[in-house]
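Scroll down for the structure; my scribbles are underneath it.
Residue numbers run from 1 in the order of the sequence given.
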Amino acid sequence: MAAPQLKPPGRAGRRLLLDSFASLFDQGLLSALNLALGLLLIRLTAKESYGLYAQLYVAGIFTTSLLDALVTGPLTTLAPGMDDAKRQALIAHLDRYQRRLAAGLAVVSGVAAAAVVAWFGLDAHPVALGLAFAVYVWAGSLREYGRSVGYVEGRARAVLRMDAWYGVAVVVSILGLAALQWLSVPAVMLALGLSNLAALSLRPLKAEGGAVGYAEAVAAVWQRSKWALPGSLVAWLTNYSYLYLAALWLGVGASADLNASRLLLMPLSLCALAWARVARPHAVRLLKSGGHKALDRYALLSVAGLELLTFFYAGILWLLLPWLETHVLGDKYKGLEPLLLVWTLYFAVYGARWIGTSLLSSGDRYRMLLISGVMCLVVMLAATAYAVPRWGVQGAVAALTLVELLDLLLIWLVLLPAARRDAMRPPAAPPTGAAP
């Protein structure tokens with residue numbers, strides 16, 4: 001059976017619009033939840049405790065990035081071009097594959113977290129923290145796969161229902177911990193992990209698959225993930241290692257300042273992620289049908305929309321900052337204005353760069369992304385080593401912004417045009433005398 005054709009433009013456009021709004025609302029919900037939790041921890045815990053939580057949260061992003069490179073990223077590239085039966089079989093096989101990877105990654109993450117915390121004396125209960133972090137990584141990985149499948153299959157509203165239930169579980173558990181004055185880092189990580197487990201009953205996963213075809217599905221994914229995995233590692237190091245480098249040079253308090261200021265603007269990053277959840281499957285379908293001009297228009301409109309959203313949100317935040325510093329952040333986090341300004345510039349560049357990255361991954365251009373990622377990592381390490389000792393936490397964000405700008409120019413001016421030329425090049429004619 002051939003891959004399904006695109007729906008009529010009007011109907012497809014309405015479906016895409018509804019999915020986009022559902023994804024945006026979903027990501028807004030998760031963003032508000034993350035922001036509220038971060039502000040609560042900033043207000044009620046010591047600066048060092050929030051700094052440790054920030055580093056664990058970023059480590060959780062690392063595990064998500066690994067599984068995205070190994071499973072969900074290639075799934076998003078492959079599945080939209082398949083007929084329903086093949087797509088459901090692929091989803092079922094990769095669910096089994098992802099569960100095994102998630103379990104192994106959770107064990108390694110928990111042991112590593114406990115060892116590092118015990119070595120540096122960052123928490124009084126390193127074993128409890130390691131166990132809680134392992135639960136958080138494992139359950140979060142399962143929920144994230146369900147979210148990815150929902151977006152691949154165009155069921156953004158099912159994802160929204162699952163995430164809404166997750167949000168309810170987080171609110172109830174965290175408020176309970178706060179009321180009992182048990183708001184420690186291990187308790188918070190365990191609450192987040194159990195909230196992920198509570199949401200798994202609503203995962204939009206219906207496919208079931210046996211052993212037949214499992215090896216072939218994993219092999220097909222590995223053809224992409226063998227390039228996506230090192231690219232994902234490099235991208236994570238480029239985007240998040242500054243937090244650990246700043247803590248190494250300036251102390252754990254610097255991590256708290258950096259994450260507190262970034263936290264206020266994190267909804268912008270999550271909006272870009274929401275766009276990609278819906279846009280990547282749509283982009284794959286457009287590429288397979290030869291709709292390059294339609295994809296160009298969609299990408300440019302997306303860039304314009306994200307930039308307008310960035311500066312509108314940053315303007316509102318800037319007006320609210322005095323109130324936030326007085327009533328929410330407290331004296332421990334006074335003077336964040338310069339950091340917020342630099343973060344705003346960072347996210348303005350990040351949004352446009354992220355759209356370009358998503359288009360490349362939709363076009364199966366993982367080698368290109370690896371090349372750009374390695375170049376950016378080298379620049380980031382050099383810029384951070386120069387800027388942080390001289391300008392402190394502001395230097396760390398300035399170095400990140402420089403890297404994003406260089407990556408933006410490389411992707412939009414070099415890599416995307418090269419990918420377009422490759423896609424539009426006619427296939428090579430078979431050699432003379434070859435069998436038809």
Side-chain angles (χ1 to χ4, degrees), residues 3-4 6 12 15-16 19-20 22-24 26-27 61 63-84 86-99 101-102 141-156 158-159 162-163 203-207 209 217-229 231-232 235-236 270 272-289 291 295 298-299 302 354-370 373 416 419 423:
L6 290 174
R15 176 67 178 273
L16 181 63
D19 284 348
S20 297
S23 177
L24 186 61
D26 174 69
Q27 213 63 57
I61 293 175
T63 62
T64 300
S65 299
L66 289 181
L67 290 172
D68 181 73
L70 287 168
V71 185
T72 54
L75 170 67
T76 304
T77 301
L78 291 169
M82 293 180 170
D83 63 64
D84 186 65
K86 290 182 178 179
R87 186 173 66 252
Q88 293 302 318
L90 178 66
I91 289 171
H93 291 315
L94 294 187
D95 180 39
R96 179 183 170 196
Y97 179 49
Q98 193 262 0
R99 284 175 180 272
L101 292 175
S141 299
L142 299 185
R143 174 172 153 262
E144 190 60 34
Y145 183 74
R147 297 181 77 244
S148 299
V149 169
Y151 285 119
V152 164
E153 297 202 307
R155 290 189 281 150
V159 176
M162 179 182 67
D163 287 343
R203 275 206 317 172
L205 267 176
K206 299 179 180 178
V218 172
V221 165
W222 178 246
Q223 291 301 313
R224 278 83 185 169
S225 59
K226 68 181 179 183
W227 296 104
L229 180 59
S232 178
W236 183 88
L270 294 175
L273 181 60
W275 173 88
R277 290 289 192 183
V278 174
R280 283 187 59 191
H282 180 62
V284 171
R285 296 184 188 102
L286 286 175
L287 288 170
K288 289 185 179 298
S289 67
L295 183 59
Y298 184 59
S302 299
W354 176 251
I355 289 174
T357 299
S358 299
L359 293 177
L360 285 175
S361 60
S362 298
D364 213 358
R365 304 291 174 170
Y366 292 106
R367 295 190 192 188
M368 287 185 172
L369 289 173
L370 176 59
L416 280 173

Would you mind telling me which of Asp95, Ile91, Val159 makes a side-chain contact (heavy atoms from CB on, under 4.5 Å) with Val149? Ile91
Nearest atoms (heavy-atom pairs only) where [X] meets [Y]:
| X | Y | result |
| --- | --- | --- |
| Leu67 | Ser141 | CD1-OG, 3.1 Å |
| Ala419 | Leu360 | CB-CD2, 4.2 Å |
| Thr77 | Ser361 | OG1-O, 3.3 Å |
| Asp83 | Lys86 | OD1-N, 3.0 Å |
| Trp354 | Ala272 | NE1-O, 3.1 Å |
| Met82 | Leu78 | CG-O, 3.6 Å |

Are [X] and [Y] side-chain neighbours, meaning at least one heavy-atom pair lies under 4.5 Å?
| X | Y | answer |
| --- | --- | --- |
| Leu369 | Thr357 | yes |
| Leu90 | Leu75 | yes |
| Val218 | His93 | no |
| Arg147 | Asp26 | yes |
| Leu70 | Val221 | no |

Rounded distance (nearest 0.5 Å) linking atom [atom1] of [X] with atom [atom2] of [Y]:
| X | Y | atom1 | atom2 | result |
| --- | --- | --- | --- | --- |
| Asp68 | Leu229 | CG | CG | 10.5 Å |
| Leu94 | Leu101 | CG | CG | 10.0 Å |
| Tyr97 | Trp222 | OH | CH2 | 6.5 Å |
| Tyr298 | Ile355 | OH | CD1 | 9.0 Å |
| Asp163 | Arg143 | CG | CZ | 4.5 Å |

Side chain of Ser232, backbone of Ser65: donor and acceptor closer than 3.5 Å? yes
